[in-house]
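Input: a single structure, listed below in structure tokens.
Every chain is numbered from 1 and lettered A, B, ... according to where its sequence line falls, protein lines coming before strand lines. Values below: every heavy atom of this structure, side chains too, minus hydrogens, waters and symmetry copies.
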Protein chains: 2
Amino acid sequence: MMVTINDIAKEAGVAKSTVSRYLNNGSVSPRTKQKIDEIVKKRGYKPNTFARSLKAQKTNMIGVIIPRLDSPSTNEVLSGIDSRAHEKGYQLIITNANQEKEREIEDIYTLAKQKVDGIIFLAKEITAEHRKAIWDIELPFLVLGQHTKDIPSIVHDDYGAGKKIARHALELGHKEFLYFTVSKEDEAVGQDRYNGFMDEITKEGDAVVHSIETSFTMREAHQTAMEELPGTKASFVIGATDTIALAVMKAASELDLSVPEDISVAGYGGYDLFSFMTPALTTVKYPYFGIGDMAIDTIEKMIVKGEVPESQILSNELVIKETTKKN
Amino acid sequence: MMVTINDIAKEAGVAKSTVSRYLNNGSVSPRTKQKIDEIVKKRGYKPNTFARSLKAQKTNMIGVIIPRLDSPSTNEVLSGIDSRAHEKGYQLIITNANQEKEREIEDIYTLAKQKVDGIIFLAKEITAEHRKAIWDIELPFLVLGQHTKDIPSIVHDDYGAGKKIARHALELGHKEFLYFTVSKEDEAVGQDRYNGFMDEITKEGDAVVHSIETSFTMREAHQTAMEELPGTKASFVIGATDTIALAVMKAASELDLSVPEDISVAGYGGYDLFSFMTPALTTVKYPYFGIGDMAIDTIEKMIVKGEVPESQILSNELVIKETTKKN
DNA sequence: ACACATTATGGAACCGGTTCTATTTCAGTA
DNA sequence: TACTGAAATAGAACCGGTTCCATAATGTGT
């Protein structure tokens, strides 16, 4: 059935070690080389990556664990990871944990058994169980998006992003705010962004902030917004992600509030996918694609040099569009 | 370093074949079983999936080739594939061909060398080179989204979708149309949808359709729309995908055309992600998630039973929202 | 207690490659 | 022509498992 190195060797009348040498770069005489060449072409021989990896103890595969597939930020990061991985000759095994912690843990072990060379984890939260798994597998492991003590990570400047939005809002003269946040379990999104915002906003003595927790999904965020918007006196609404901000805008439209005339809206993310929406959303743009690139470069260093890099922080920028205006 | 079956066997004082039998389900006496049990737990032994697959000639991995990561439809399909694959104990290797034909071909071979059990291909186009690769690798291969002679596929009823939009537009009394299509190379999106639309629309003798080709990306579609919309007399615009329709809406807004008052807009897709946009887009909703489920079920049959299934067609439904109104 | 069927176990071969070592081949040099 | 060193090759061992086969240890019925 499948043609193996033995078949080639037999047909060429040489030892399989010679064929192996031919395949790699060892010394083979021009004559044998040519002979093997022909046979390999004729039979369409492709070495079995599995058998090869077994001996090499290296698969050239990088495992990526993502929390969900239907998120624009995840997709942009993934695109970045993918394009750089391809450049460098790594194959990606992407596993979707579907926002379930158990599956994340399970996936860490599965990827380890699969003998990936390293794992990149787009994290929501790092619990003690995560730490145990990461420790257990003894593999290069890189966390994206959440700062984690003792584990290499690449994070966004979420705190700074919060401050930027606050500053912008204050400059526009707003005094009362409605902040849709997410669970504090997600430190980056649920705490850092919020804290940055609050620390900056309270510099202005008379600012009032109402905050309410919702979820990452548009559906739930929309529902929360439908409940909260009617009673609010806030003139400026912040969504902890662009997706949430979008859900707020949808709700506003259904409630006959126009954005930004009646109410300003801002978010965090700056996804390409949403950049064509009307009206265009004021947001803090994160370098999602770039974080992917950096992730591959970093994990590669960990794999080949065994380096344990410091945690890296990426900056972001405020992008003022059409959903915010003077109060 | 990594603990192997030999280490366990030695420590337990048994042959490695016994440990192997213990791991699988062979007959092992209660006493040995318990002894091995302890040691496995203590040492945190995890069998090497690679070595296992080498003998078993089966990896429990399914390769998925996608054209791009930043597309809502791709992501919904992928979510469906992923959730079903997980249920059935398959691991996914997802490779992103980044819309390049060469990478698609390359990925087919790479996945084959990786010894995946089967490949699911989210296709844009199937060329002769694709066919050769698919033929070469001799693996269960399933095409999604494009009908292909002699290769098992699951496709959408794109022709029917086109007809549905046409019928809806006619019922609203529209006479003049602007259709943003894509390259004919993509048969499903570029031809079938369009043909369905045309066949239905021309039943009304006096309908006029202007069609123009653009690309799948929002950016390019937006630019095309900015060029085409100003001069048009059409009262109804169709985008070959929801993404294109969205770009059209963006352009309309920038040109001070209001939707649907000045112009109606419709698309194809019905992505969850866009369902919260304002105004909500009239579209044909495709069962993207379901196609993923079906894909795994089908490829599994191909893998375990060696069946070669017939091409399957999925139906879709018109969802009338806010972007279309009477003329 | 004895023949006979089961179950448990060890050893070896195998999966498809890579790599180490020993041997052969072939030049180049004295 | 004989000698030496480098290049080419064959053969065996190995990677970490599974599986087949033969043997050993149990258990059953009479």
Side-chain angles (χ1 to χ4, degrees), chain A residues 1-37 39-40 43-61 109-110 112-117 137-139, chain B residues 1-37 39-40 43-61 91 109-117 137-139:
Chain A
M1 210 213 93
M2 198 61 199
V3 34
T4 75
I5 199 172
N6 279 298
D7 302 333
I8 302 295
K10 201 178 298 174
E11 194 164 337
V14 300
K16 66 175 184 169
S17 51
T18 304
V19 179
S20 175
R21 243 176 294 113
Y22 155 88
L23 288 171
N24 297 293
N25 47 34
S27 58
V28 186
S29 75
R31 221 178 54 253
T32 4
K33 179 174 268 169
Q34 197 203 324
K35 192 167 44 174
I36 299 179
D37 226 38
I39 299 175
V40 163
R43 307 290 305 271
Y45 169 65
K46 304 264 188 268
N48 178 332
T49 317
F50 261 69
R52 185 172 273 182
S53 303
L54 180 56
K55 179 79 191 199
Q57 304 286 31
K58 181 155 186 340
T59 59
N60 270 309
M61 298 205 275
Y109 287 114
T110 309
K113 286 198 281 185
Q114 223 92 109
K115 288 278 176 286
V116 294
D117 294 343
I137 60 168
E138 299 177 315
L139 239 47
Chain B
M1 208 210 94
M2 197 60 200
V3 34
T4 75
I5 198 172
N6 279 300
D7 302 333
I8 302 295
K10 201 178 296 174
E11 193 165 337
V14 299
K16 66 175 184 169
S17 50
T18 304
V19 179
S20 175
R21 244 174 291 116
Y22 155 89
L23 288 170
N24 297 293
N25 47 33
S27 58
V28 186
S29 75
R31 223 179 50 252
T32 356
K33 179 175 267 169
Q34 197 203 326
K35 191 166 44 176
I36 299 179
D37 226 38
I39 299 175
V40 164
R43 307 290 306 271
Y45 168 65
K46 305 261 188 269
N48 178 332
T49 316
F50 263 66
R52 186 171 272 183
S53 303
L54 180 57
K55 181 77 192 204
Q57 304 285 35
K58 180 157 188 341
T59 59
N60 270 309
M61 298 206 275
Q91 193 78 4
Y109 286 115
T110 309
L111 289 173
K113 285 198 283 186
Q114 224 92 108
K115 287 281 175 285
V116 295
D117 294 343
I137 60 168
E138 298 178 314
L139 239 46

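When distances are taken from the side chain of A:Ala51 to each of C:dG17, D:dG16, C:dT9, the shortest belongs to C:dG17. For A:Val28, the listed nucleotide lying nearest its side chain is D:dT9; candidates were C:dT9, C:dT18, D:dT9. Checked against D:dC15, D:dG17, C:dT18, the side chain of A:Leu23 finds its nearest nucleotide in C:dT18. Listed candidates were C:dG17, D:dT18, C:dA8. Nearest to the side chain of B:Lys16 is D:dT18. When distances are taken from the side chain of A:Asn48 to each of D:dT9, D:dT18, C:dG17, the shortest belongs to C:dG17. Checking D:dG17, C:dT9, C:dG16 against every side-chain atom of A:Leu54, the shortest atom distance belongs to C:dG16. Which of D:dG16, D:dT18, C:dT18 sits closest to the side chain of A:Arg52 comes down to C:dT18.
A straight line from NZ of A:Lys55 to P of C:dC15 spans 17 Å, rounded to a whole angstrom. Rounded to whole Å, atom C1' of C:dA12 lies 13 Å from atom CZ of B:Arg21. The interatomic distance linking A:Ile5 (CD1) with D:dG11 (C1') rounds to 14 Å, in whole Å. Between B:Lys10 atom NZ and C:dG11 atom C1' there is a gap of 16 Å when expressed in whole angstrom units. Atom CG in A:Asn6 sits about 13 Å away from atom C1' in D:dG11, given to the nearest Å.
Residue A:Ser29 places no side-chain atom within donor-acceptor reach of the base of D:dA8, judged by atom type and a 3.5 Å distance cut-off alone.
Under 4.0 angstrom from either OP1 or OP2 of D:dG11 there lies no side-chain N or O belonging to A:Ser17.
Checked against B:Glu11 for a salt bridge (charged side-chain N to carboxylate O under 4.0 Å, His left out), the options B:Lys35, B:Arg43, B:Lys16 give a single hit: B:Arg43.
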